[in-house]
Amino acid sequence: MYDLLVVGAGPYGLSIASHAAAAGLSVGVLGRPMASWRDHMPRGMFLKSEPWASNLSDPGGRWRLDAFCTLRGLAARHAEPLPLEVFAEYGLWFARNAVPPVDERTVTRLAPCAGGFAVVTEDGETLTARTVALAVGVLPFTEIPGPLRHLPPALVSHSSHHAGLDRFRGRDVTVVGGGQAALETAALLAEQGTRVRILARADRLSWNDVPPPWERPWWRSARAPHSGLGPGWRNWFYAERPGLYRRLPELTRTRIAADALGPAGAWWVRERVERRVEVLLGREIVTAREVPDGLRLELAGAGAGAQSLHTGHVIAATGFRATRERLRLLTPELRALLVTGADGAPEVGPEFESSYPGLFLAGLITAAGFGPSMRFVHGATFTAGTLVRGVRRRLRGAAPRVPSPAAAALPLEAPLP
């Protein structure tokens, strides 16, 4: 039985595993390393975060992104976007050097068992662990607008469903959304010859400014310090003090996590969109139906009136909604025992432990608890160190595993749904 099984091998899962191994824990890691970055982002995209804010975390700080770039003869400079494929390669390098060997099998089911948890892999093997850290990234939480959900994947997809966009060459595509994923996807489509438009509910597109120079007068730094989420004291608080963020009232935390750092495009993608991509603002899809050669969208918007649009495919770059019910690899009985917050996500304690003892959560699903930095790689450093402290505390034995009277009725290993 492992001390800790980490489910997920992205930046958060790998960072947690590195800290756990350094702490002397018996740790296993399950998942394809950097899978979402390698398989769900089209080639040609860039890392929106600054390179210095995109490190995976090991306790000694040896396996940083800048060290990888130096080794490869690449540049990792402030205010210069880094290709996503470079970041994915960095993650694989980190996995080889800072983490125990990764088991690339997918987890299909997680249930309580005597003394801990039973984790079932895609080929039917069952592994057991005293504690589990779920670091499943964003892919389980894709959000597609309601009017599009009934349509087949041939007509509607999420922006995270594409490792490449070649299939859309010469076609007509509508990208829904106004954030970085929508804008960069539209730019890539236009550059390969796709007829593409952006459809957004907002009445204007938002763009991030070019970041201020790294070296600047002290008084400018004091007025707007650099942080892993951008310049300014508010961003600094979100990025660098997630432990303090958690002390805010729950409704305040939930609102900030949902609204802060809202949809916006990076400064370096702006010129690739403006005057090159058709943009329909202040509109949203009311209904959508399949028609020959694509689908018909009925649109509405304040002051825009009704409008009908024919397109060959819709890519919904509409983000992610991390809720308890979308953690489908947990048995229904275990999911039901997780206390949720106002946003539907499971609540976590100060060391990322859920309401079910021994089950820890990491990444996007903890944003309401620890702030917007949990939506970015930058949050992995705080998460890894803090979560592993919580695991060690749990392993030292603290409270009984059954968290509530309702849990007493839960089988030690719940049957498959």
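In this structure, the side chain of Ser15 engages the main chain of Ser57 through a donor-acceptor pair within 3.5 Å. When atom types are taken as modelled, the side chain of His162 and the backbone of Ser159 share no donor-acceptor pair closer than 3.5 angstrom. In this structure, Ser18 contributes its side chain and Leu14 its backbone to no donor-acceptor pair below 3.5 Å. With hydrogens and angles disregarded, no donor-acceptor distance shorter than 3.5 Å links the side chain of Glu104 to the backbone of Leu30. Here the side chain of His78 pairs a donor or acceptor atom with the backbone of Pro212 at under 3.5 angstrom. Judged by distance alone, with hydrogens and angles left aside, the side-chain atoms of Asp172 form no donor-acceptor pair with the main-chain N or O of Thr311 at under 3.5 Å. At distances below 3.5 Å, at least one donor-acceptor pair connects side-chain atoms of His226 with backbone N or O atoms of Pro213. The backbone N or O of Thr340 sits nowhere less than 3.5 Å from a side-chain atom of Arg324 that would complete a donor-acceptor pair. Under the 3.5 Å distance criterion, the side-chain polar atoms of Glu122 are left unmatched by any main-chain donor or acceptor of Val107. In this structure a side-chain-to-backbone donor-acceptor pair under 3.5 Å is missing from Thr366 to Ala362.
Side-chain polar atoms of Thr174 and His313 form no donor-acceptor pair below 3.5 angstrom. In summary, the side chains of Thr131 and Arg394 do not present any donor paired with an acceptor at a separation below 3.5 Å, with no hydrogens or angles considered. No side-chain donor from either of Thr386 and Glu351 sits under 3.5 Å from a side-chain acceptor of the other.
By the side-chain contact (heavy atoms from CB on, under 4.5 Å) test, Pro147 is found to be paired with Pro145, Ile285, residues two or more places apart in sequence or in another chain being considered.
Between Trp267 and Ala79, the shortest heavy-atom contact is CZ2-O, 3.3 Å. Here the closest non-hydrogen pair linking Ala20 and Val388 is N-CG2, 3.7 Å. In this structure, Met374 and Pro242 approach most closely via the heavy-atom pair CE-CB, 4.1 Å.
Look at Arg326 and Glu143 and you find a salt bridge, because one of the NZ, NE, NH1 or NH2 atoms lies within 4.0 Å of a carboxylate O, short of that distance. Salt-bridge annotation for Asp58 and Arg64: absent, with no side-chain N of the basic residue lying under 4.0 Å from a carboxylate O of the acidic one. Checked for salt-bridge contact, Glu125 and Arg105 meet the test: a charged N lies under 4.0 Å from a carboxylate O.
Of the residues Val339, Leu330, Leu338, the one that meets the side-chain contact (heavy atoms from CB on, under 4.5 Å) test with Pro346 is Leu338.
Residues Val314 and Leu297 have side chains in contact (heavy-atom distance under 4.5 Å, counting atoms from C-beta outward). Side-chain contact between Leu183 and Leu205: present, with at least one pair of heavy atoms (C-beta onward) separated by less than 4.5 Å. Val175 has its side chain within reach of Leu189: a pair of non-hydrogen atoms, C-beta onward, lies under 4.5 Å apart. Contact of the Tyr245 side chain with the Arg253 side chain is registered, since non-hydrogen atoms from C-beta on lie closer than 4.5 Å. In this structure, the side chains of Phe370 and Tyr238 stay at 4.5 Å or more apart for every pair of heavy atoms.
To the nearest 0.5 Å, the span separating OH on Tyr90 from CG on Asn55 amounts to 4.5 Å.
Counting only residues at least two apart or in different chains, side chain to side chain donor-acceptor pair (under 3.5 Å) contacts with residues 36-48 comprise Arg32-Asp39, Lys48-Asn208. The stretch residues 370-380 participates, sequence neighbours left out, in these side chain to side chain donor-acceptor pair (under 3.5 Å) pairs: Glu240-His378.
The aromatic ring centroids of Trp93 and Phe68 lie less than 6.0 Å from each other.
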